[in-house]
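Presented below is the structure to which this report refers.
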Number of protein chains: 2
Amino acid sequence: MARKYDWRTGSNVEATLSVIGGRWKPVILCNLLVSRLRFGELCRNMPNATQRMITLQLRELEADGVIRRHVYAEVPPRVEYELTEFGRSLEPVLSVMREWGMAFKKRKLSEAVDNAPAS
Amino acid sequence: MARKYDWRTGSNVEATLSVIGGRWKPVILCNLLVSRLRFGELCRNMPNATQRMITLQLRELEADGVIRRHVYAEVPPRVEYELTEFGRSLEPVLSVMREWGMAFKKRKLSEAVDNAPAS
DNA sequence: CAGAATCCTCAGTGATACTG
DNA sequence: CAGTATCACTGAGGATTCTG
């Protein structure tokens with residue numbers, strides 16, 4: 001299934017994207033940055049993503065050694081996900097993205113206010 | 001064309017991705033981070049991307065106010081692209097991605113060496 | 001609860017050729 | 001040189017249902 005990004009042929013940014021470049025991967029990783037989470041919690045934290053998508057992205061992240069999957073032999077079943085050491089190395093990347101996004105939102109919102117009709 | 005990412009509904013990372021989340025956008029931006037470039041130079045720097053894709057991604061970046069397009073009334077035509085002030089604010093994001101990608105590549109390559117058959 | 005299995009769609013992407 | 005214009009595809013992503 002020829003991956004979208006290939007770290008061999010691409011530039012350095014593309015190498016990064018070969019790991020975090022999935023629709024929901026950055027979001028998942030930001031969540032796991034805060035704490036280890038179970039599947040259900042993850043889903044509740046990402047209401048815009050479908051269960052299926054979250055599962056798929058988790059599998060890829062696991063295959064890339066970014067996250068680890070803990071299965072507890074209980075009933076009802078419990079599965080938790082956490083960042084690996086390698087995954088934690090992504091922290092600077094993720095937090096700078098989050099920071100910038102926050103500033104961007106603020107900017108956009110203040111723009112909206114400026115353009116708002118005087119009521 | 002309902003965009004993939006929406007900064008209104010998504011988390012902070014998603015807000016960032018609403019701007020840089022295109023297949024070739026980070027690559028283009030990294031190039032423009034170094035210097036203002038003309039279209040042809042950009043294409044030569046990104047041999048894996050098609051001309052069409054580069055054009056499209058440039059248009060979106062321009063629409064988002066990330067880059068500026070300079071058209072020179074010459075023959076043959078000359079068009080240059082450069083980051084706007086706003087675009088330059090992405091520098092921390094892009095460089096940390098590049099840094100991480102570089103380290104990642106090194107890691108991968110040394111793994112490959114370790115697994116290489118003794119010749 | 002944490003998924004697996006199916007089915008389906010379309011938007012992102014590509015290949016190619018043409019042009020002011 | 002710096003793009004459009006077409007045509008075509010495929011696979012990422014979604015909706016829904018089923019299950020150990």
Side-chain angles (χ1 to χ4, degrees), chain A residues 1-6 9-11 13-14 17-28 31-32 36-64 67-82, chain B residues 1-6 9-11 13-14 17-28 31-32 36-64 67-82:
Chain A
M1 63 158 145
R3 282 246 202 153
K4 196 167 173 181
Y5 298 98
D6 181 10
T9 64
S11 60
V13 229
E14 286 181 271
L17 292 170
S18 74
V19 177
I20 63 167
R23 174 66 179 87
W24 300 105
K25 286 181 189 176
V27 187
I28 290 176
N31 272 282
L32 295 182
R36 169 204 273 236
L37 288 174
R38 20 192 324 181
F39 184 75
E41 296 175 300
L42 217 41
C43 288
R44 254 170 282 121
N45 291 352
M46 311 171 49
N48 295 333
T50 63
Q51 208 184 32
R52 170 192 153 77
M53 267 307 112
I54 296 175
T55 303
L56 289 177
Q57 303 271 297
L58 283 171
R59 291 290 172 280
E60 289 192 19
L61 288 170
E62 195 188 355
D64 285 338
I67 63 174
R68 202 181 349 259
R69 186 165 177 264
H70 299 276
V71 185
Y72 297 86
E74 303 176 356
V75 176
R78 179 157 65 106
V79 177
E80 292 184 358
Y81 293 92
E82 73 170 341
Chain B
M1 59 153 147
R3 282 247 201 150
K4 194 169 174 180
Y5 298 98
D6 181 11
T9 64
S11 60
V13 229
E14 285 182 272
L17 292 170
S18 75
V19 177
I20 63 168
R23 174 65 178 85
W24 300 105
K25 286 181 188 176
V27 188
I28 291 176
N31 272 283
L32 295 183
R36 168 203 272 236
L37 288 173
R38 25 195 316 183
F39 183 74
E41 296 175 300
L42 217 41
C43 288
R44 253 171 281 122
N45 290 353
M46 311 172 48
N48 294 333
T50 62
Q51 207 186 30
R52 172 192 152 77
M53 267 308 112
I54 298 176
T55 303
L56 289 176
Q57 302 272 294
L58 283 171
R59 292 290 174 280
E60 289 192 17
L61 288 171
E62 196 190 352
D64 285 337
I67 64 174
R68 200 180 349 258
R69 187 166 177 260
H70 297 275
V71 185
Y72 295 87
E74 301 176 358
V75 176
R78 179 159 64 105
V79 176
E80 293 185 359
Y81 293 92
E82 73 170 341

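Hydrogens, waters and symmetry mates are skipped; everything else that's a heavy atom, side chains included, is used. Just so it is clear: chains get the letters A, B, ... in the order the sequence lines come, proteins before strands, and each one is counted from 1.
- Here the P atom of nucleotide D/dG20 and the CZ atom of A/F39 are 18 Å apart, to the nearest Å.
- Atom C1' of nucleotide D/dG11 and atom CD of A/E60 are separated by 12 Å, given to the nearest angstrom.
- In this structure the side chain of A/R69 never reaches within 4.5 angstrom of the side chain of A/L58, judged on heavy atoms.
- If you take CE of B/M53 and C1' of D/dA8, they are 13 Å apart, rounded to a whole angstrom.
- At D/dG3, one or more side-chain N or O atoms of B/Y81 fall inside 4.0 Å of OP1 or OP2 (strictly under the cut-off).
- The two residues B/N31 and B/V27 come nearest to each other via the heavy atoms ND2-O, 2.9 Å.
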Can you give me the N/O atom pairs linking the protein to nucleotides 4-7 of chain C at distances under 3.5 Å, or say none if there are none?
{"residue": "C/dT6", "atom": "O4", "partner": "A/R52", "partner atom": "NH1", "Å": "3.4"}

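- Taking 4.0 angstrom as the limit, B/R78 places none of its side-chain polar atoms (N or O) nearer than this to OP1 or OP2 of D/dA2.
- Contact of the B/W24 side chain with the B/N48 side chain is registered, since non-hydrogen atoms from C-beta on lie closer than 4.5 Å.
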Please report the C-alpha distance between B/R38 and B/H70 in whole Å, then the side-chain angles of each, then the deciding distance to 0.1 Å, and finally whether the side-chain contact (heavy atoms from CB on, under 4.5 Å) criterion is met. CA-CA 9 Å; B/R38 25 195 316 183; B/H70 297 275; over 6 Å; no

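- To the nearest angstrom, P of C/dG3 lies 11 Å from CG of A/L56.
- Using a 4.0 Å heavy-atom distance criterion, A/Q57 is classed as a sugar-phosphate-only contact.
- In this structure, B/I54 atom CD1 and C/dA15 atom C1' are separated by 15 Å, rounded to whole Å.
- Heavy-atom nearest nucleotides on DNA chain C were determined for A/P77 and for B/W24, and the one closer to the 5' end corresponds to A/P77.
- In this structure, A/M53 and A/R23 have side chains that are not in contact, with every pair of non-hydrogen atoms separated by 4.5 Å or more.
- Between the C1' atom of D/dG20 and the OH atom of A/Y72 lies a distance of 20 Å, rounded to the nearest Å.
- You'll find the side chain of B/I54 reaches within 4.5 Å of the side chain of B/F39, heavy atoms only.
- In this structure, A/L58 places its CG atom 16 Å from C1' of D/dA12, rounding to the nearest Å.
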